[in-house]
Amino acid sequence: MTFADDRSATMDSLKRALPYVRLFKGKTFVVKIGGAPCSEPSLLRDLAEQLSVVRELGVHVVLVHGGGPQTSLLSRKLGIEPRMIEGRRVTDAAALEVAVMTMNGAVNTNVLAACRAVGLQAVGVSGVDAGMVKARRRAPRSVIVDGTPTMVDFGHVGDVDAVDPTLLEKLMAAGYLPVVSPLAADDAGNVLNINADTVAASLARALRAEKLVFVSDVPGILEDKGDPSSLISCTDLRGLEELVDNGSVASGMLPKASAIRMALEQGVARVHVIGSQRASLLTEIFTNEGSGTLIVRDRRDLSPAEKAASGELGATENAKAAGG
Ligand code: ADP
Ligand code: MG
């Protein structure tokens, strides 16, 4: 490729991105980074770079991180075998201590360090700060374990009662990027562990976010979780439910599916699940092709222009083209 070709390709890309830039300026995106990308410095750095671009284009960003693999790793080092049921961690007192050390300690700091390396002014907080995420300890519930209904006490695991986004809004108004660790507390000050996907969806709703983006260790939602080429480019709540019912969506994708449903039902227009390969976030947000899975509430809610562009909506790229 000659220099002139290269320059004209850049100009074309910028031109194609312009409608999206206009659409998203001044809006809020909640981006959740999964534990696996958080443990890989080069991926984290690449994501931080992409987030600086998004912010420079006038989008307000709240970053939420997970930390499952790191929590399990430290847990095993300390001789505590982690237990996951339906993609959620069973959290006894020892597991909670490990989760606090890992999430509010190591993972949060690593994300901040990656932001620092690209000049992003990031501030680490957790749902415990300033009453941000109020939760209630989950009562023991019946869950299917190995095909059998079993009463499970998830321990120090919370369900979100309410979110007060004031702190996040103040940080963003002052130009900081909030980096949120997914711990919360109840009104008595008991710390509770919450799946980061759930926290991200609750924050997206409270902030009236335009978009909620899950950055995971898979390229998006897969029809067959063992086959990365079975990526689903676009679906809606009904499609998602089918994938859960037929077992295509399992383990860690289950809390994500619930979080996606909650966000879409409560006003977030578009949710994306993407991988952490290079430039995945910018590609998903600012190009017609996208990189992962776009989930909307109902395909029929797409505008006439979107429908026209996408035919039967099989052509996901077109749906994305029309609405980002
Ligand atoms: P994260 O840190 O992104 O929350 P999780 O491990 O909790 O990561 O969830 C992502 C995992 O969900 C994937 O690595 C994959 O093993 C699993 N998974 C289950 N069903 C699916 C599916 N249909 N498509 C993609 N991933 C799936
Ligand atoms: Mg997860």
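Indexing begins at 1, ligand by ligand and atom by atom, following the structure's order. What you see below is based on every heavy atom in this structure, not just the backbone, and it leaves out hydrogens, waters and symmetry mates. Start at 1 with the first residue, then count along the sequence.
Put simply, the side chain of Ser72 never gets that close to the backbone of Pro82: no donor and acceptor are under 3.5 Å apart. In this structure a side-chain-to-backbone donor-acceptor pair under 3.5 Å is present from Ser291 to Ser280. The closest donor-acceptor contact from the side chain of Thr28 to the backbone of Leu207 lies at 3.5 Å or more, if one exists at all. Remark: side-chain polar atoms of Thr150 are not paired, donor with acceptor, to backbone N or O of Val152 under 3.5 angstrom. In terms of modelled atom types and a separation under 3.5 Å, the side chain of Arg89 and the main chain of Gly68 share a donor-acceptor contact.
The shortest contact between atom 1 (P) of ligand 1 and any protein heavy atom is with Lys256 NZ, 3.4 Å. The nearest protein atom to atom 5 (P) of ligand 1, hydrogens excluded, is given as Gly252 CA, 3.8 Å; this is a heavy-atom distance. Considering only non-hydrogen protein atoms, atom 14 (O) of ligand 1 sits nearest to Asp217 OD1, 2.7 Å. Scanning the protein heavy atoms around atom 18 (N) of ligand 1, the nearest turns out to be Met253 CB, 3.7 Å. For atom 24 (N) of ligand 1, the nearest non-hydrogen atom of the protein is Leu222 N, 2.9 Å. Of the protein's non-hydrogen atoms, the one nearest atom 16 (O) of ligand 1 is Ser251 OG, 4.4 Å.
Looking at Val218 next to ligand 1, no N or O pair under 3.5 Å apart turns up. In terms of polar-atom proximity, defined here as any N/O pair under 3.5 Å, Ser216 does make such a contact with ligand 1. Between Ile221 and ligand 1, no pair of N/O atoms sits closer than 3.5 Å. On a distance-only criterion, Ala250 and ligand 1 share at least one N/O pair closer than 3.5 Å.
In this structure, Gly220 is part of the shell of residues with a heavy atom less than 4.0 angstrom from ligand 1. Heavy-atom distances between Gly68 and ligand 1 stay at or above 4.0 Å for every pair. In this structure, Gly66 has no heavy atom closer than 4.0 Å to ligand 1. Using a 4.0 Å heavy-atom cutoff, Lys32 is listed among the residues neighbouring ligand 1.
Closest non-hydrogen pair, Gly247 versus Lys225, comes out as O-NZ, 3.5 Å. Contact record, Leu264 with Val268: CD2-O, 3.3 Å, taken as the closest heavy-atom pair.
At a threshold of 4.5 Å between side-chain heavy atoms, the hydrophobic network of Ile, Leu, Val, Met, Phe, Trp and Tyr places Val128 and Leu96 in one connected group.
Shown in contact with Gly35 at under 4.0 Å from a heavy atom are these atoms of ligand 1, numbered in order with element: 2 (O).
A salt bridge is defined here as a Lys NZ or Arg NE, NH1 or NH2 lying under 4.0 Å from an Asp or Glu carboxylate O, and Asp236 with Arg238 fails to meet this definition.
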Scan the side chains in residues 52-63 for donor-acceptor partners under 3.5 Å anywhere in the protein, sequence neighbours excluded, and list what turns up.
from: Ser52; atom 1: OG; to: Ala48; atom 2: O; distance (Å): 2.9
from: Ser52; atom 1: OG; to: Glu49; atom 2: O; distance (Å): 3.2
from: Arg55; atom 1: NH2; to: Gly175; atom 2: O; distance (Å): 3.1

